[in-house]
Amino acid sequence: MPELPEVETIARGVDKRLRGDSIVQAWFTRLPQPFKTPAARQAKGLAGRTVLAVHRVGKHIVFELGSAGSAPDARGVDGTRRTQESTAVDAQWIVHLGMTGRLLLTTPESTAAPHTHARLALASGRELRFVDPRRFGRLEFRDLARSAGFGAPGQEPLTIGKHEFVSLFRTHRLCIKAALLNQALLAGVGNIYADESLFQAGIRPRRRANRLTRSELERLRLALWQVLSEAIRLGGSSVSDYVDADGARGFFQLEHCVYQRTGEPCRRCQTPIRRIVVAGRGTHYCPKCQR
DNA sequence: CATTTCACCTGGTGGC
DNA sequence: TGCCACCAGGTGAAAT
């Protein structure tokens with residue numbers, strides 16, 4: 001289940017491998033589910049465009065695209081200098097992996113995995129494929145001449161400041177766990193890292209967001225930063241033929257403290273980890289460490 | 001308007 | 001061994 005650290009890892013991998021390459025042609029399945037933009041429009045928009053950069057916004061992977069002939073910025077590898085590139089960017093391809101989405105980089109000859117919904121033939125001779133069995137993923141194409149660039153509604157948990165973080169939750173009565181999962185508030189936090197950061201901060205998932213003290217919220221902000229940063233660090237391992245997707249490598253070996261450890265002893269105090277349902281999702285916490 | 005619930009999907013699991 | 005109910009969860013629409 002790709003959340004912020006996984007999507008960050010994948011986006012970095014795609015950027016490293018695809019930057020400067022061009023899309024010769026694109027095919028899409030007829031299924032309506034994975035497409036926010038009609039498949040035909042995506043195929044037409046992608047064809048002939050160059051990949052200038054790829055980066056993460058919330059849980060989305062954003063491909064910055066230029067029209068044929070526009071030279072990619074060959075100087076920076078880190079993608080931080082966006083102003084130079086942005087002049088050439090005239091379209092975006094936005095990929096959301098949902099629960100089971102994967103991006104695979106293969107040769108055109110290799111047989112397509114089941115549930116392959118999109119195939120992008122690249123000028124380099126490779127092929128980028130979008131595979132998603134459960135079809136919770138979403139694909140969108142934006143022509144920047146006609147619509148605004150993609151922006152997540154929520155704030156980035158890795159860069160949000162102390163004061164902003166406090167004011168985010170002050171006005172919300174819902175459970176803090178549900179608030180963390182709300183992408184309109186914070187972009188990128190999913191079930192795993194919500195549970196893990198609440199444990200790290202010593203806060204029970206059912207606490208009302210607007211009842212948390214200033215210092216508790218600051219503990220939570222720092223816990224989120226710690227957990228997400230560490231997960232990104234562990235997910236940084238590279239992969240040979242596919243762009244890291246489902247947690248089989250790196251981050252999945254992250255030592256979870258509570259997530260899916262129901263009944264197992266807390267790593268800190270040995271109390272059995274408890275499982276409840278909050279906002280319709282499995283929620284794990286230590287009844288002693290979290291108050 | 002804020003909050004909660006549910007449908008969308010398929011593969012894996014555990015019970016019988 | 002096979003079958004089936006059930007669970008997993010990100011998101012957005014529908015309900016409360």
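All heavy atoms count here, side chains included; hydrogens, waters and symmetry mates do not. Below, read A as the first sequence line, B as the second, and so on, with proteins coming before strands; counting in each chain starts at 1.
Rounded to an integer number of Å, the gap from A/L180 CG to C/dG10 P is 12 Å. C/dC7 atom P lies 14 Å from atom CD of A/Q260, rounded to whole Å. Counting to the nearest Å, the P atom of C/dA8 and the NE2 atom of A/H284 are 8 Å from each other. Rounded to whole Å, atom P of B/dC8 lies 17 Å from atom NE2 of A/H117. The distance between atom CZ of A/R102 and atom P of B/dT10, rounded to the nearest whole Å, is 17 Å. If you measure from atom CZ of A/R135 to atom P of B/dA7, you get 18 Å, rounded to the nearest angstrom. One atom, CG of A/L97, and another, C1' of B/dC9, lie 16 Å apart when rounded to the nearest Å. Rounding to whole angstrom units, CD1 of residue A/I61 and P of C/dG10 are separated by 15 Å.
A donor-acceptor pair is defined here as one N or O able to donate and one able to accept, closer than 3.5 Å; no such pair exists between the side chain of A/R56 and the backbone of A/G188. Judged by distance alone, with hydrogens and angles left aside, the side-chain atoms of A/E3 form a donor-acceptor pair with the main-chain N or O of A/Y193 at under 3.5 Å.
Using cut-offs of 30° and 60° on the angle between ring planes, the pair A/H256 and A/Y259 is perpendicular.
Between A/R214 and A/E218 there is no salt bridge, since none of the side-chain N atoms of the basic residue sits less than 4.0 Å from a carboxylate O of the acidic one. A salt bridge links A/R142 with A/E140: the distance from a Lys NZ or Arg NE/NH1/NH2 to an Asp or Glu carboxylate oxygen falls below 4.0 Å. Salt bridge absent: A/D143 and A/R41 never bring a charged side-chain N and a carboxylate O closer than 4.0 Å.
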So which protein nitrogen or oxygen atoms get under 3.5 Å of nucleotides 2-5 of chain B's nitrogens or oxygens?
unit_1: B/dT3; atom_1: OP1; unit_2: A/R173; atom_2: N; d: 2.6
unit_1: B/dT3; atom_1: OP2; unit_2: A/H172; atom_2: ND1; d: 2.9

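Side-chain contact annotation: A/R135 with A/T29, donor-acceptor N/O pair under 3.5 Å absent.
In terms of phosphate contacts, A/R134 brings no side-chain nitrogen or oxygen within less than 4.0 Å of OP1 or OP2 of B/dG11. Contact annotation: A/H115 side-chain N/O to B/dC9 OP1/OP2 distance is not under 4.0 Å.
Among A/L224, A/T9, A/V227, A/I232, the one residue that satisfies the side chain to side chain contact (heavy atoms under 4.5 Å, CB included) test with A/L4 is A/I232.
Take A/D195 and apply the side chain to side chain donor-acceptor pair (under 3.5 Å) test, not counting sequence neighbours, and it matches A/K177, A/H284.
One end of the helix from B/dA2-C/dT16 to B/dC16-C/dG2 points its axis 50° away from the other end's axis, with each axis taken from 5 pairs and the angle rounded to 10°.
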